[in-house]
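Below is one structure, written out as structure tokens, with a few remarks after it.
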Amino acid sequence: MKKIISLFITLNMVFFTYNVTNTNAEENAENQSVDSLHLILNKHGIQTETNNAQSIDLRFQQKETINKESIIKAEADDKKSTKVSKEEKKLLAQLVHAEAKGEPFGGKVAVAEVVLNRVEHEQFPDTIKQVIYQENAFEPVANNSINKPADKESYKAVQEALEVNDNSKELLYFYNPETATDDWIRSRDVVKTIGNHAFAI
């Protein structure tokens, strides 16, 4: 009887040791997998503060979502840029040159943005050419300075306005506070001032 009890205890100990060893092996394997995930995610700019696999998976999904949003934005910017013809870019650059010659580069970009914003706005015409040639919209059209060739910086400003998606979407007007004589334009809410131009909504 004692031999049977002893054998039973021994078998239980062997079984227990096997389970512990097997469990530890599984945990070690899981920890190694998690550690590998840590290294991979950290390498791609995802900071992980826990060994929780579910948390890591969530962070990975967030990173993937951000990447997809960046790709979608880039594609939208490309479409925005390519749907404008060479003739329209040329005309817009000539307006930028006439309106903002001698102004900072950011001011030139903002002038181009005003035109592009008007194209998208329901209260203005639907094309760049129509917006620029709208009656009494821009002084260079009235004095024919719109017909002068644009410089390289004006073309560059137009391209940046087409590609960069910033917080200037609401800008619809600009004027020089020192020379403007129209009381109505002065009543618009000024969002920012660049060089000699006030940009308003």
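These figures come from a predicted structure and were not determined experimentally.
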ask   = So do the side chains of L172 and F124 get within less than 4.5 Å of each other, counting heavy atoms only?
value = yes
query = Which heavy atom of V115 sits nearest a heavy atom of L95, and at what distance?
reply = CG2-CD2, 3.6 Å
task = Verify, without hydrogens or angle tests, whether Q94 (side chain) and A150 (backbone) share a donor-acceptor contact under 3.5 angstrom.
result = no
Transitive ILVMFWY side-chain link Y155 to V114, under 4.5 Å = no
Donor-acceptor list for residues 99-107 side chains, cut-off 3.5 Å, not counting sequence neighbours:
unit_1	atom_1	unit_2	atom_2	d
E103	OE1	N196	N	2.8
E103	OE2	N196	ND2	3.0

task = Taking the side chain as every heavy atom from C-beta outward, state whether V131 and L116 have any atom pair closer than 4.5 Å.
result = no
ask   = What heavy-atom pair brings I194 and A110 nearest, and what distance separates the two atoms?
value = CD1-CB, 4.1 Å
ask   = Is it true that W184 and Y173 have ring centroids separated by less than 6.0 Å?
value = yes
message = For D126, give me all partners under side chain to side chain contact (heavy atoms under 4.5 Å, CB included), at least two apart in sequence or on another chain.
response = Q130
ask   = Pick from V190, V191, V111, T193: which one makes a side-chain contact (heavy atoms from CB on, under 4.5 Å) with F199?
value = V111
ask   = Can you find a pair of side-chain heavy atoms, one from K89 and one from L162, that are under 4.5 Å apart?
value = yes
task = Go through I185 and R188 one step at a time and tell me if the side-chain contact (heavy atoms from CB on, under 4.5 Å) criterion holds.
result = CA-CA 6 Å; I185 193 66; R188 311 306 299 178; 4.1 Å; yes
task = Evaluate the criterion salt bridge (Lys or Arg N to Asp or Glu O under 4.0 Å) for residue pair K83 and E120; output intermediate values, then yes/no.
result = CA-CA 13 Å; K83 74 179 181 180; E120 300 297 328; 3.8 Å; yes
I'd like a table of donor-acceptor pairs (distance under 3.5 Å, sequence neighbours excluded) in which one partner is a side-chain atom from residues 132-143, with atom names and distances.
unit_1	atom_1	unit_2	atom_2	d
N143	OD1	S145	N	2.9
N143	OD1	S145	OG	2.7

note = Residues V96 and V158: closest non-hydrogen pair is CG2-CG2, 4.1 Å
inquiry  = I need the E113 CD to E170 CD distance, nearest 0.5 Å.
reply    = 12.5 Å
query = How many angstroms lie between atom CG of L91 and atom CG of N147, to the nearest 0.5 angstrom?
reply = 9.0 Å
ask   = Where is the tightest heavy-atom contact between A157 and A112, given as atom of each residue plus distance?
value = O-CB, 4.4 Å
remark   = Output for pair (K108 NZ, D151 CG), nearest 0.5 Å, gives 6.5 Å
